[in-house]
Amino acid sequence: MNIGEKIVAIRSAEKLNQLQFSNLTGINTKTLQNYEQGIVKKYNAEEIQKITQHELFQKYTLWLMNGMTAPEAGQVSPEVEEVRGLRA
């Protein structure tokens, strides 16, 4: 799964459209679309930090960067978060 696909998964888990995600993170909507469509192959670290530093998305940092989770440390994937939401 590439970064663009992971961003789509995060948006889906948080029930956000591209505009909402863009407004929350400060990532330009066109840039976001390019990431999600796989048009951009090299990701800007500053743009990725905008995601990982936002309080709503911090829980996905480890997964976004390397595909790992550590639920005991509050680091989950969108799939884990969706399952937790269903149990609540």
Side-chain angles (χ1 to χ4, degrees):
M1 189 177 253
N2 66 36
I3 296 288
E5 292 167 330
K6 288 180 177 182
I7 292 171
V8 171
I10 290 170
R11 284 195 312 98
S12 177
E14 298 297 328
K15 298 175 178 46
L16 298 170
N17 63 36
Q18 286 180 332
L19 182 59
Q20 291 167 322
F21 190 87
S22 177
N23 288 338
L24 288 172
T25 60
I27 297 173
N28 179 285
T29 305
K30 184 63 177 169
T31 300
L32 181 61
Q33 290 170 350
N34 288 341
Y35 284 168
E36 291 185 1
Q37 293 172 8
I39 295 170
V40 174
K41 300 297 182 196
K42 293 184 179 180
Y43 302 97
N44 181 315
E46 290 178 12
E47 298 292 341
I48 301 305
Q49 281 183 321
K50 290 177 181 180
I51 299 169
T52 61
Q53 291 177 347
H54 189 283
E55 65 182 68
L56 186 59
F57 311 122
Q58 287 176 352
K59 61 189 169 194
Y60 302 119
T61 300
L62 185 62
W63 177 79
L64 182 64
M65 301 308 291
N66 65 23
M68 299 173 69
T69 62
E72 67 282 0
Q75 291 295 300
V76 298
S77 69
E79 295 83 13
V80 169
E81 190 64 7
E82 287 176 351
V83 169
R84 287 190 338 184
L86 293 175
R87 291 183 189 156

Inter-residue atom distance [X].[atom1] - [Y].[atom2], 0.5 Å rounding:
X   : Y   : atom1 : atom2 : answer
I51 : L24 : CD1   : CG    : 11.0 Å
E55 : Q58 : CD    : CD    : 7.0 Å
L32 : T25 : CG    : OG1   : 6.5 Å
I27 : E46 : CD1   : CD    : 11.0 Å

Counting heavy atoms not belonging to M1, are there more than 12 under 6.0 Å from its CE?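 More than 12 heavy atoms, drawn from other residues, nucleotides or ligands, come within 6.0 Å of this atom.
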Under the ring-ring contact (aromatic ring centres under 6.0 Å, His included) rule, what pairs show up with a residue in residues 24-52, not counting sequence neighbours?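 Listed once each, the pairs are Y35-Y43.
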Donor-acceptor contacts under 3.5 Å from residues 3-11 side chains, at least two apart:
| unit_1 | atom_1 | unit_2 | atom_2 | d |
| --- | --- | --- | --- | --- |
| E5 | OE1 | N2 | N | 2.8 |
| K6 | NZ | W63 | O | 2.9 |
| K6 | NZ | L64 | O | 3.4 |
| R11 | NE | E36 | OE2 | 2.6 |
| R11 | NH1 | L16 | O | 2.8 |
| R11 | NH2 | E36 | OE1 | 3.0 |

Who pairs with [X] by side chain to side chain donor-acceptor pair (under 3.5 Å), at least two apart in sequence or on another chain?
X   : value
T61 : none
T29 : S22
T69 : none
Q75 : none

Not counting sequence neighbours, which residues clear salt bridge (charged side-chain N to carboxylate O under 4.0 Å, His left out) with K30? List them please.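 Partners of K30 by the salt bridge (charged side-chain N to carboxylate O under 4.0 Å, His left out) criterion come out as none, since no residue qualifies.
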Considering residues at least two apart in sequence or located in another chain, which fulfil the side chain to side chain contact (heavy atoms under 4.5 Å, CB included) criterion with Q37?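 Only Q33, I39 meet the side chain to side chain contact (heavy atoms under 4.5 Å, CB included) criterion with Q37.
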Quick one: list whatever passes ring pair (Phe, Tyr, Trp, His ring centres under 6.0 Å) with F21, sequence neighbours left out.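 Scan of F21 (ring pair (Phe, Tyr, Trp, His ring centres under 6.0 Å), adjacent residues dropped) gives F57.
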By the rule that ILVMFWY residues connect when side-chain heavy atoms come within less than 4.5 angstrom, directly or transitively, which residues belong alongside M68?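 Joined to M68, directly or through intermediates: L62.
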